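Chain A is the first sequence line, chain B the second, and so forth, proteins listed ahead of strands; every chain is numbered from 1. Computed from a predicted structure; not experimentally measured.
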Number of protein chains: 2
Amino acid sequence: MTQSPWDRSLAVTTDIVIFTIRDRKLELLLVRRAAAPFQGQWALPGGVVGPDEGLKACATRALDEQTGVSGVYLEQLYTFGDPGRDPLRRVISIAYYALVPSDRLELRASAAPQAVGWFALEQLPPLAFDHCEIVALAHHRLVSKLTYSTIAFQFMGEKFTLSELQAVHEIILAQRVDKRNFRKWALALEQIEPTGEERRDGKHRPAQLYRLKFPGRVEIIR
Amino acid sequence: MTQSPWDRSLAVTTDIVIFTIRDRKLELLLVRRAAAPFQGQWALPGGVVGPDEGLKACATRALDEQTGVSGVYLEQLYTFGDPGRDPLRRVISIAYYALVPSDRLELRASAAPQAVGWFALEQLPPLAFDHCEIVALAHHRLVSKLTYSTIAFQFMGEKFTLSELQAVHEIILAQRVDKRNFRKWALALEQIEPTGEERRDGKHRPAQLYRLKFPGRVEIIR
DNA sequence: AATTATTAGTGTATAAAGTACACTAAATTT
DNA sequence: AAATTTAGTGTACTTTATACACTAATAATT
């Protein structure tokens, strides 16, 4: 088999859409590009796949290096590889998406502070490459998985109230949800259990705290 | 940016799981490998992504070259890229799956006849690389899409009867389906319409023929 | 100490969707 | 003419989803 015409121009990378919920908004993490092309523009974090590195391992590493977050939900989304998506070379990019609980979104200090930031999905700056399309697909996947899986539970911290879980659903779906029906649904899944503790905040009745029975596990339902 | 250590060893390919239904079985197309590694073993058809070729274009081309079939349903499945999945070099493979109507599965004459063949999913020979895993994922995707989309309609020829459509569902799900409930469901989707013609075969009442209202279109339902 | 404000927590009735089920109709073969 | 085979049709029941309003417990205010 002869050498392909690739040799000096092909790159395989991962791009990661890192979602979190902050301040009652669905947000994602962007980094400012240091190099050409699109120098200075915002882009999805990601990295080049190393010679002996698995694809998910590459995404995990990029996530850790650029946010300091590890151990969060990470799933392959889609692979983008149209010629011309990078003006300088042919890039095949395996896109992942990650869900980060809101109690773990302090960015690693080593990352240059103004080079990384959280942005509300509804108010994104112009993005490099075809990253806008990747974000749109990730958002679509997230919304659709919400209705047939327990994926939203991955946004929760170690302990959470049912109202907080409901708020996550409402924010992602961008619509109100009935409280009694939601609780009936969430408890019937048998994926969460009360810790016995309560959370007191604000001038109102304290709320029961729950935890995931199987942290990191996402159930397909129905 | 310096040259990566890839240069003489990385390949990006597509692999395609081509499903059809023949003889009341779910079958898929395999090719016998001409070259090392796994020379002489059965493998999924596929091809190397060309320097200016899109990923789906590569899969479409490989499908056409190896089966003579074109214009069928083709969807990206998942990207496999673990180091070591090919013993000779690093290969990133974007897997697709295709659905071929049973009235179009004559293989192109140019393909060496004993180098290509249809195999029942339940009786596959040993496969090269991690292709067994790819097939398993494609099958899982197919079964699960069956329940929330009109994907199975893509197995049908231009004109088909409701009994034939029902048989496709039964074969993929590997279980019987109630005739009246199935027809109620299929017609309520408003994706098919009667042609006005009938199909007569066998010593029994002829069946109304239907066609897709929107050929090639797969609706997400629920 | 009493009042006010705020979120937590609970059940029932109705609507919609899914499932189970059996006979008649129309053609071909004998 | 009878037998065989698949096409075609409706209703009752079960399960799931949806709509909806009040009491409970705490903190802050008076």
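Ring to ring, F153(A) and F155(A) are not that close: their centroids are 6.0 angstrom or more apart.
At a cut-off of 3.5 Å, with distance as the only test, no side-chain donor of Q208(A) or Y210(A) sits close to an acceptor on the other residue. Between the side chains of T13(B) and S93(B), a donor-acceptor pair is found at a separation under 3.5 Å. With hydrogens and angles left out, the side-chain atoms of R183(A) and S163(A) include a donor and acceptor closer than 3.5 Å. Donor-acceptor pairing under 3.5 Å is lacking for the side chains of S70(B) and D64(B).
Checking side-chain atoms of Y96(A) against main-chain N and O of K56(A) turns up a donor-acceptor pair under 3.5 Å.
The CD-P distance, from E197(B) to dA7(D), rounds to 17 Å in whole Å. Summarising the geometry, the separation between CZ on R199(A) and C1' on dA25(D) is reported as 17 Å, rounded to the nearest angstrom. To the nearest angstrom, P of dT16(D) lies 13 Å from CD1 of I221(A). Rounded to whole Å, atom P of dA17(C) lies 20 Å from atom OH of Y148(B).
Between R211(A) and E158(A) there is no salt bridge, since no side-chain N of the basic residue sits under 4.0 Å from a carboxylate O of the acidic one. Checked for salt-bridge contact, K213(B) and E190(B) miss the test: no charged N lies under 4.0 Å from a carboxylate O.
Heavy-atom distances under 4.0 Å link DNA chain D to D178(A), R180(A), N181(A), K184(A) of residues 159-193 of chain A, given in residue order. For DNA chain D, the residues of residues 201-211 of chain B within the heavy-atom distance limit of 4.0 Å (strictly under) are K203(B), H204(B), R205(B), P206(B), A207(B), Q208(B), sorted by number.
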